[in-house]
Number of protein chains: 2
Amino acid sequence: MKMNDLKPTWTLARRAERMNPSVIREILKVTERPGIISFAGGLPSPKTFPVTEFEQACAEVLRTDGQAALQYAASEGYAPLREAVAAMLPWNVDASQVLITTGSQQGLDLVAKVLIDADSRILVETPTYLGALQAFTPMEPQVVGVASDAEGVDVDDLARKADGARFFYVLPNFQNPTGRTMSEARRAALVQSAAEHGLPIVEDNPYGDLWFDAPPPAPLTARNPEGMIYLGSFSKVLAPGLRLGYIVAPAAIAPKLLQAKQAADLHSPTFNQRMVAEVLKNGFLGRHVPKIRALYKSQRDAMLAALTRELGDLDVSWNAPDGGMFLWARLPEGLSAIDLLPKAVERGVAFVPGAAFYAEHADPRTLRLSFVTATVEQIDTGVAALGQAIREAIRQ
Amino acid sequence: MKMNDLKPTWTLARRAERMNPSVIREILKVTERPGIISFAGGLPSPKTFPVTEFEQACAEVLRTDGQAALQYAASEGYAPLREAVAAMLPWNVDASQVLITTGSQQGLDLVAKVLIDADSRILVETPTYLGALQAFTPMEPQVVGVASDAEGVDVDDLARKADGARFFYVLPNFQNPTGRTMSEARRAALVQSAAEHGLPIVEDNPYGDLWFDAPPPAPLTARNPEGMIYLGSFSKVLAPGLRLGYIVAPAAIAPKLLQAKQAADLHSPTFNQRMVAEVLKNGFLGRHVPKIRALYKSQRDAMLAALTRELGDLDVSWNAPDGGMFLWARLPEGLSAIDLLPKAVERGVAFVPGAAFYAEHADPRTLRLSFVTATVEQIDTGVAALGQAIREAIRQ
């Protein structure tokens, strides 16, 4: 009897049926074609990566404590890095509350494991971060979208849906995908309403430091730390390729997040944690992040100017984000961003159709434009091409 | 109304109740006390870490392609590293089948997500790797132990339990915790029986390269690649602090593992993948791994000699592993390794009680001794202390 005659019985878990390839990652593959100007990816500008500082930090870490930097380590994370994170945050956080994660994406995976049962109801913004939907989905929740507008979440709609929900996932600063910032009034109302309903909040803040003219209002978690899990990241202020993020969680669930972390990958890379702790010394971010802000602001301005120039006479709307990496646009009635994409790619420009970011009731007219990966010249060329593609779609 | 008056309702997922802190990681915390000789951890000897090569690789990677090395990247992994893995494996593997993971622990987490539903039956060796139990448990399986002896798994017992099981998890080379190697005859019978029952196998092989006198028999996966998932690791042949491992999976489930990987942490650190790809060039492992083998063999020999000297007159048994990092011992009848541990720690030596490694029906007399972290001198001192603790326990 040959092995080939015997088929193994691979029975997939039910959750695997709900997993899908990331729309964005599939689009990114298309846009790697040379000559395509991509507004699609959420890739920070590589110009902002502090390569020289990382070179020095690598050498220093390996020279002074190489063996420890390459060994297994505590699941909680490297103590000096946890202390640096605690010191960075604008409310009273002890280093013992900080759990270092393999990117903040892992933070979402751990939250899902610890808080979601099959058919648990969870609440998200409309629209919301696609990666969060992907992290939550394998634990088989019912994902319910809460109405949101330019100021952030609709607190009345949240209150209607809050009872029995495991948590509300929210990205208050320069949101992915919309670039929106939640107003101070809306934050205060949200925190109050969530507390009244006993609704935990999972606050994701990867972009909060990337403000252009003024810092955003204080994080939600700063207002009620016992009721919230806070997720942060080094991907946007240093570099994403190191995969380092962090969770700050209240004592009620921190031990379970730590146990889930142990089971998921034992710990985040020791070497990377030490490198970042080394780079952070002497207030590096205070000198470095303003440069990222200035660059991204100039690119946002270029995109806004190009949009006005190329699309100003059409029934296309877009917002003017106060920070972050993304801008949100809406096509004229009757058009679909999904249908537009291949036509835009033919003309040399890519974006992400907004439909990918909705838990339910997608608006097919929406699209996400990243203004940080392309140069100002590419933004001009790319928005012109986008304008041509939209005009052609309108005519058809 | 103050926030403090309003308690958030943190409802943990059912799976969170089944999560527990790793016994080993808790013991490791105790053994970090200065002066304790630890046979407890599964820590490779830091003397074997190629620090100089990593220094050169870091500098090279950041100098030649620093921006790409610090950027987001494909979830599948860095192509040259995937190619290097495919080329290393002793059967016909295409680079496109290799998924780079954040340590092989993440491989176990992804397998659990893709193949385990609540109450799915899965099979493991007796005893088995604790980290695998921790990775599988959150998906709420019924974990069934299959009888095993010094030659490996009992194939008749496996056949009785195979029908309807989602997979059999097995570590054939220098197993953690027992140090056992599965014989050629047992491998052939296992692969045949699994194929007849349509039972998928998850083969974990972190230690296979660490043989002392002769290589172990070929991997199970080489004999029936369509029926098996293979997990490998760079932690034991290079360094664990980089958290890099890999999965080779058949086409039937590879796409789902990739989607689970995307959702878990987007991708493993780009920088680490490039560093390791750089270090692997020009056949580095072929020169490096023999040094690890020689060191670990000398330490195994030292531990065997010390055990014979210190415990030879007692009713204590132990095996003589042909590779890897661990040795498995059994105390005299009536003794418990869990009760022995605090007495041993008082005398300055630590180990892991074997009970932690059983899915069911733990043998309380067993214990795991790592011979690779301590020096030869420490092994002599530590085994003498262990002998004293056992003698004292026998007298009581």
Side-chain angles (χ1 to χ4, degrees), chain A residues 3 6-14 16 19-22 43 46 49 51 54-55 58-59 62 66-67 69-72 102-103 105-106 109 113-117 134-135 138 166 195-196 198 200 224 226-227 239-243 252-253 256 259-260 262-266 269-272, chain B residues 3 6 8-14 16 19-22 25 43 46 49 51 54-55 58-59 62 66-67 69-72 102-103 105-106 109 113-117 134-135 138 166 195-196 198 200 224 226-227 239-243 252-253 256 259-260 262-266 269-272:
Chain A
M3 290 304 159
L6 302 164
K7 291 281 178 198
T9 309
W10 291 102
T11 303
L12 292 179
R14 195 178 54 178
M19 295 178 189
N20 282 300
S22 161
L43 306 181
F49 301 160
V51 177
F54 278 127
E55 277 183 38
C58 276
L62 287 173
Q67 292 188 345
L70 294 167
Q71 185 59 287
Y72 284 116
T102 308
Q105 183 71 26
Q106 184 182 53
D109 176 69
K113 282 175 173 155
V114 167
L115 292 180
I116 301 176
D117 281 309
Q134 289 191 297
R166 290 291 170 94
E196 285 170 14
N224 185 16
E226 290 307 304
L242 300 174
R243 311 303 306 123
I253 54 160
K256 288 295 169 191
Q259 290 158 24
Q262 279 183 358
D265 64 2
L266 298 182
T270 328
F271 180 64
N272 305 31
Chain B
M3 289 305 157
L6 301 164
T9 310
W10 291 102
T11 303
L12 291 178
R14 196 177 56 178
M19 295 177 188
N20 282 301
S22 161
R25 297 206 145 235
L43 306 182
F49 301 160
V51 177
F54 279 127
E55 277 182 39
C58 276
L62 287 173
Q67 292 188 345
L70 295 167
Q71 184 59 286
Y72 283 117
T102 307
Q105 183 70 26
Q106 184 182 53
D109 175 69
K113 282 175 173 155
V114 167
L115 292 179
I116 301 175
D117 281 309
Q134 288 190 296
R166 290 289 172 95
E196 286 170 13
N224 185 17
E226 289 308 304
L242 300 176
R243 310 304 306 122
I253 53 160
K256 288 295 169 191
Q259 290 158 25
Q262 279 183 358
D265 64 3
L266 298 183
T270 327
F271 180 64
N272 305 30

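Reminder, nothing fancy here: chain letters follow the sequence lines and each chain counts from 1. Note: hydrogens, waters and symmetry copies are ignored here, and every other heavy atom, side chains too, is used.
Residues meeting the salt bridge (Lys or Arg N to Asp or Glu O under 4.0 Å) test with A/K113, sequence neighbours left out: A/D109, B/D109. Take A/A69 and apply the side chain to side chain contact (heavy atoms under 4.5 Å, CB included) test, not counting sequence neighbours, and it matches A/V61, A/F271, A/R274.
Of the listed residues (B/A260, B/A59, B/P46), the one with the most heavy-atom contacts under 4.5 Å to chain A is B/P46. Chosen from A/Q106, A/Q259, A/Q134, the residue pairing most often with chain B at heavy-atom distances under 4.5 Å is A/Q259. Chain A forms the most heavy-atom pairs under 4.5 Å with one residue out of B/E55, B/R14, B/Q105, and that residue is B/Q105. Of the residues considered (A/P138, A/G103, A/A264), A/A264 shows the highest number of contacts with chain B, using heavy-atom pairs under 4.5 Å. Across A/A252, A/G227, A/C58, A/P240, the residue that shares the most heavy-atom pairs under 4.5 angstrom with chain B is A/P240. Of the residues considered (B/D265, B/N20, B/L70, B/L43), B/L70 shows the highest number of contacts with chain A, using heavy-atom pairs under 4.5 Å. Contact tally against chain B (heavy-atom pairs below 4.5 Å) for A/I116, A/N272, A/T270, A/L266: the top residue is A/L266. Counting heavy-atom pairs under 4.5 Å between each of B/Q262, B/Q67, B/Q71, B/M19 and chain A puts B/Q71 at the top.
The distance from atom CZ of A/F49 to atom CG of B/L62, rounded to the nearest 0.5 Å, is 12.0 Å.
Without hydrogens or angle criteria, A/W10 side chain to B/L115 main chain gives no donor-acceptor distance under 3.5 Å. Counting only distance, with no hydrogens or angles, the side chain of A/K256 and the backbone of B/A16 share a donor-acceptor pair below 3.5 Å.
Scanning all heavy atoms of the two residues, the minimum distance from A/T9 to B/P200 falls at O-CG, 3.2 Å.
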